[in-house]
Student: 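So that we are looking at the same thing, I have put the structure below in structure tokens.
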Amino acid sequence: MTDNTVEHRRLIIAGTGIAGLSAAIYAARSNNDPLLIEGDEPGGQLTLTTDVENYPGFPEGISGPELINNMKEQATKFGAETRNGVIVDVTKEPAGHFRVELSDGDVYTADGFIAASGASARTLGVPGEDELMGYGLSTCATCDGAFFRDEDMLVVGGGDAAMEEANFLTKFADTVYIAHRREEFRAEDVWIDRTMEKVEDGEIELLLNTELTEIHGTPEDGVDHVTLVEHPDGHPKEKFDDPATADEVREYDFDVGAVFFAIGHTPNTDFLEGTGVEFDDDGYLITEGGRGGNQTATGVEGLFGAGDVVDFHYQQAATAGGMGVKAALDVDEYLTERERAGELYEGEVDAAAADD
Ligand SMILES: Cc1cc2nc3c(=O)[nH]c(=O)nc-3n(C[C@H](O)[C@H](O)[C@H](O)COP(=O)(O)OP(=O)(O)OC[C@H]3O[C@@H](n4cnc5c(N)ncnc54)[C@H](O)[C@@H]3O)c2cc1C
């Protein structure tokens, strides 16, 4: 151990979102003594939302923070420990254990590691965004669409996610508008075709060469309207910000009751680069998947992945929780086998303790 090494743990879990906490409940009950590092979003994405209506077992719905607090209490009851801190680097040491370094310089070592560090929805950084996130502005149509029945809704984006979200929202919306900064979409043909069918039916309207610059409303009453800019050659915001072209841009207010950002997610994986683990083209952690055991294993022995950091497709609380459970079961099998083989890392033996 180095001077900064705080302690050795059997298992460290990155993240206290629903995947990390679900893993912790199982890992603590299997005596794997998990330590969870919270990251800069303790509780994860669910703490950004008010009502969660689709998590099984809560017929009346439950608030995101309450669901997370309940899970944390359950994990703690079985002995899981949590600490503040952001992991900046993980490496696999020659002895087979992991070295986990935090941004404050503290270092932990661990025999097993579960990455449950989630994915952050990209946002635009426009005025109104911070105040209205969770109050009419959302990054998850599947989660929040049903709260805005019969309202006009605006989806921002031009890729698969935007098409998929817009199509989904037609179940609830009066009209769904898609604001896209260019003329052409970057989505798969199948999504474009489906969207164009709904455009013909009048359920979706396209606002091309258009960007959102401000969201207006209050947390009490939700979104009232948005400000949009449009230019026939696309990328209007850039042109609006340039005094040479600002006059060519049309700026206007547009009434909508809800706004959905669908401009992608960024998986939180920077701290894993030193492990040599594999990522897909979008940066998501690659796990075994498939059927049978070890679905959450990565190419690095002892390193498992769960939740939105792996799953670019479902990205739901229940699915992330389920993957957390799988990761805890997989890491338990791994640790049990290493223990049986006498290969667990004990950390540096404290000299005084050794003399006793
Ligand atoms: C506004 C909103 C509403 C939603 N509503 C619903 C809903 O109603 N129903 C539903 O099923 N799903 C909903 N979702 C989706 C759901 O929240 C996610 O699918 C789920 O939270 C994913 O869980 P996770 O544990 O994988 O990741 P996250 O919840 O993203 O948690 C990731 C955790 O990892 C930590 N972390 C990140 N980097 C590091 C690091 N370097 N070191 C240590 N820790 C780190 C973070 O701090 C955080 O604690 C919603 C999402 C959003 C954004």
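Fair warning: this is a prediction, and the values are worked out from it, not measured in the lab. Values below: every heavy atom of this structure, side chains too, minus hydrogens, waters and symmetry copies. Just follow the structure's listing: the first ligand is 1, and inside any ligand the first atom is 1.
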Student: Hey, is R99 close enough to E93 for a salt bridge, meaning N to O under 4.0 Å?
Tutor: no
Student: Can you tell me which residue and heavy atom of the protein come closest to atom 21 (O) of ligand 1, and the distance to 0.1 Å?
Tutor: Q45 CB, 3.7 Å
Student: If we ignore hydrogens and angles and just use 3.5 Å, is the side chain of K239 paired with the main-chain N or O of D247 as donor and acceptor?
Tutor: no
Student: Check this for me, if you would: do R181 and E238 make a salt bridge, where the nitrogen-to-carboxylate-oxygen distance has to be below 4.0 angstrom?
Tutor: no
Student: Check this for me, if you would: do D33 and R9 make a salt bridge, where the nitrogen-to-carboxylate-oxygen distance has to be below 4.0 angstrom?
Tutor: yes
Student: Check this for me: does any side-chain nitrogen of one of R149 and E151 sit under 4.0 Å from a carboxylate oxygen of the other?
Tutor: no
Student: What orientation do F185 and H180 show, parallel under 30°, tilted 30 to 60°, or perpendicular over 60°?
Tutor: parallel
Student: Within the structure, does S138 bring an N/O atom to less than 3.5 angstrom of an N/O atom in ligand 1?
Tutor: no
Student: Note the single closest protein heavy atom to atom 23 (O) of ligand 1, along with its residue, its atom name and the distance in Å.
Tutor: I18 CG2, 3.4 Å
Student: Is there a heavy atom of G134 sitting under 4.0 angstrom from any atom of ligand 1?
Tutor: no
Student: Under a 4.0 Å N-O cut-off, is there an ion pair linking K326 with D330?
Tutor: no
Student: Under 4.0 Å from a heavy atom of G17: give me the atoms of ligand 1 that qualify, with their elements.
Tutor: 25 (O), 29 (O), 31 (O), 33 (C), 49 (O)
Student: Run the numbers for me: atoms of ligand 1, each under 4.0 Å from some heavy atom of D308, listed by number.
Tutor: 18 (C), 19 (O), 20 (C), 22 (C), 26 (O)
Student: Starting from atom 3 (C) of ligand 1, what is the nearest protein heavy atom, named by residue and atom, and what distance separates them?
Tutor: T49 CB, 3.5 Å
Student: At what distance is the nearest protein heavy atom to atom 27 (O) of ligand 1, and which residue and atom is it?
Tutor: G118 CA, 3.3 Å
Student: Check for a donor-acceptor pair, side chain of S138 on one end and backbone N or O of G134 on the other, with a separation under 3.5 Å.
Tutor: no
Student: So, does Y55 sit close enough to ligand 1 that a heavy atom of it is under 4.0 Å from the ligand?
Tutor: no
Student: Atom 4 (C) of ligand 1: which protein heavy atom is closest, and how many Å away?
Tutor: C143 SG, 3.4 Å
Student: Quick test of your reading of the model: are E339 and R10 salt-bridged, counting only N-O distances below 4.0 Å?
Tutor: yes
Student: Is atom OH of Y26 surrounded by more than 12 heavy atoms (other residues, nucleotides or ligands) closer than 6.0 Å?
Tutor: no
Student: Charged N to carboxylate O under 4.0 angstrom, E188 versus R194?
Tutor: no
Student: Ignoring hydrogens, just give me the one of G15, P56, G39, S117 whose non-hydrogen atom is nearest atom 37 (C) of ligand 1.
Tutor: S117
Student: I need the atoms of ligand 1 closer than 4.0 Å to a non-hydrogen atom of G307, numbered in the order shown.
Tutor: 26 (O)
Student: I would like to know whether K198 and E200 meet salt bridge (charged side-chain N to carboxylate O under 4.0 Å, His left out); could you show each step before the answer?
Tutor: CA-CA 5 Å; K198 297 246 159 103; E200 272 163 37; over 6 Å; no
Student: Pairs of nitrogen or oxygen atoms closer than 3.5 Å, one from A19 and one from ligand 1: do any exist?
Tutor: yes
Student: Which one of G20, G85, A121, A116 has a non-hydrogen atom at the shortest distance from atom 33 (C) of ligand 1?
Tutor: A116
Student: Side chain, backbone, both or neither: which part of L46 comes within less than 4.0 Å of ligand 1 when only heavy atoms are counted?
Tutor: both
Student: May I ask you to list the atoms of ligand 1 that are less than 4.0 angstrom from any heavy atom of T16?
Tutor: 33 (C), 49 (O)
Student: Is it true that a side-chain atom of N32 and a backbone atom of L11 form a donor plus acceptor pair closer than 3.5 Å?
Tutor: no
Student: Enumerate the atoms of ligand 1 whose separation from the nearest heavy atom of A320 is less than 4.0 angstrom.
Tutor: 22 (C), 23 (O), 26 (O)
Student: Can an N or O of D144 be found at a distance shorter than 3.5 Å from an N or O of ligand 1?
Tutor: no
Student: Just need the protein heavy atom nearest to atom 41 (N) of ligand 1, so name the residue and atom and give the distance.
Tutor: I87 O, 3.0 Å
Student: Provide the number and element of each atom of ligand 1 under 4.0 Å from a heavy atom of E41.
Tutor: 46 (C), 47 (O), 48 (C), 49 (O)
Student: Which is it for S120 and ligand 1 at heavy atoms under 4.0 Å: side chain, backbone, both or neither?
Tutor: neither
Student: Among the clusters formed by ILVMFWY side chains lying less than 4.5 Å apart, do V331 and V310 turn up in the same one?
Tutor: no
Student: Please identify which atoms of ligand 1 are closer than 4.0 Å to at least one heavy atom of I37.
Tutor: 43 (C), 44 (N)
Student: Heavy atoms only, cut-off 4.0 Å: how does N54 contact ligand 1, side chain, backbone, both, or neither?
Tutor: side chain
Student: Please write down residue, atom name and distance for the protein heavy atom closest to atom 52 (C) of ligand 1.
Tutor: T139 OG1, 4.0 Å
Student: Any nitrogen or oxygen of A317 lying under 3.5 Å from a nitrogen or oxygen in ligand 1? Just yes or no.
Tutor: yes
Student: With respect to atom 15 (C) of ligand 1, which of E38, Q315, H265, E53 exhibits the smallest heavy-atom separation?
Tutor: Q315
Student: Between R83 and D106, is the closest basic N to carboxylate O distance under 4.0 Å?
Tutor: yes
